[in-house]
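Notes to accompany the following structure.
Residue indices begin at 1 and follow the sequence shown.
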Amino acid sequence: MITNLLKFKYLFLFFFIFFLKSQILLSNKRPDLLFHGGYAFETNSNQKSTAVYISIFNNSEKDVVIKSINCDIAEKVEVHEVKIIDDVVKMQMIENFVVKKNSELYLQPGGKHIMLIGLKRKMSDGDNFSLTFLLENNKVLNSKVMVLSNELRENLIN
């Protein structure tokens, strides 16, 4: 009897997934704004800020403005861009961050990135947390960020 019940559950799950996937394919609709592959590196207990890197895909026919970003593990979140001014590397804050229509934007080391300022806790390898993005049209989107080891950071740099 248990075996028949399990078979029924798996069969139901299979048809549910098939139905859902077919609806997505038929609608041919991708999310307008998609966040993917968010990561940050582990921190020490004294560290008060860190950078987050993520890929953003705008599949729409309109530019998308990100008004603000929030995170429950930091007091403040800002988008920064690394610039060289008078031979000095500086970070400049970007307000009302724009993701151009039909484009991809890769926030990565040495370029644009998200800064978590006023960290409320230490972040360890394997942890994860969420970023909440508030768009100009007041739509709210969330994305997970995973924490990677500093050893991995060293391997990426060298």
Self-check item: Gap between atom CD1 of Ile114 and atom CD1 of Ile66 - 0.5 Å precision
Solution: 7.5 Å

Quiz item: Looking at residues at least two apart in the chain, or sitting in another chain, which of them share a side-chain contact (heavy atoms from CB on, under 4.5 Å) with Asp125?
Solution: Glu42, Ser149

Exercise. Applying side chain to side chain contact (heavy atoms under 4.5 Å, CB included) between Lys122 and each of Ile73, Val147, Asp127, Thr43, report the one that passes.
Key: Thr43

Quiz item: Does the side chain of Leu33 reach to within under 4.5 Å of the side chain of Ile56, using non-hydrogen atoms?
Solution: yes

Self-check item: Qualifying residues under salt bridge (charged side-chain N to carboxylate O under 4.0 Å, His left out), relative to Lys76, sequence neighbours excluded
Solution: Glu78

Quiz prompt | Counterpart residues, side chain to side chain donor-acceptor pair (under 3.5 Å), relative to Ser130 (two or more places apart) | solution = none

Quiz prompt | Separation between NZ of Lys144 and CD1 of Ile54, rounded to the nearest 0.5 Å | solution = 12.0 Å

Quiz item: Which residue pairs pass the side chain to side chain donor-acceptor pair (under 3.5 Å) test when at least one of the two sits in residues 133-143, sequence neighbours left out?
Solution: Thr132-Asn142

Self-check item: Cluster companions of Tyr106 among Ile, Leu, Val, Met, Phe, Trp, Tyr (side-chain spacing under 4.5 Å)
Solution: Leu34, Phe57

Quiz item: Is Leu134 isolated, or which residues cluster with it under the ILVMFWY side-chain rule of less than 4.5 Å, directly or via members?
Solution: Val140

Exercise. State which residues pass side-chain contact (heavy atoms from CB on, under 4.5 Å) with Glu75; sequence neighbours excluded, sorted by chain then number.
Key: Lys120

Quiz item: Tell me, which pairs form a side chain to side chain donor-acceptor pair (under 3.5 Å) where one or both residues lie in residues 62-73, sequence neighbours left out?
Solution: none

Quiz item: CG of Leu116 to OG of Ser49: how many Å apart, nearest 0.5 Å?
Solution: 8.5 Å

Quiz item: Are Met115 and His113 side-chain neighbours, meaning at least one heavy-atom pair lies under 4.5 Å?
Solution: yes

Quiz item: What pairs with Asn46 under side-chain contact (heavy atoms from CB on, under 4.5 Å), at least two apart in sequence or on another chain?
Solution: Asn44

Identify all side-chain donor-acceptor contacts of residues 86-100 below 3.5 Å with residues at least two apart in sequence or on another chain.
none

Quiz prompt | Which atom of Ala74 lies closest to which atom of Ile117, heavy atoms considered | solution = CB-O, 3.7 Å

Quiz item: Side-chain contact, heavy-atom cut-off 4.5 Å: Asn59 with Asn102?
Solution: no

Quiz item: Can you name the residues that form a ring pair (Phe, Tyr, Trp, His ring centres under 6.0 Å) with Tyr53, not counting sequence neighbours?
Solution: Tyr39

Quiz item: Is the count of non-hydrogen atoms from other residues, nucleotides or ligands lying under 6.0 Å from Ile85 atom CD1 greater than 12?
Solution: yes

Quiz prompt | Minimum side-chain heavy-atom gap Phe129-Val52 below 4.5 Å | solution = yes

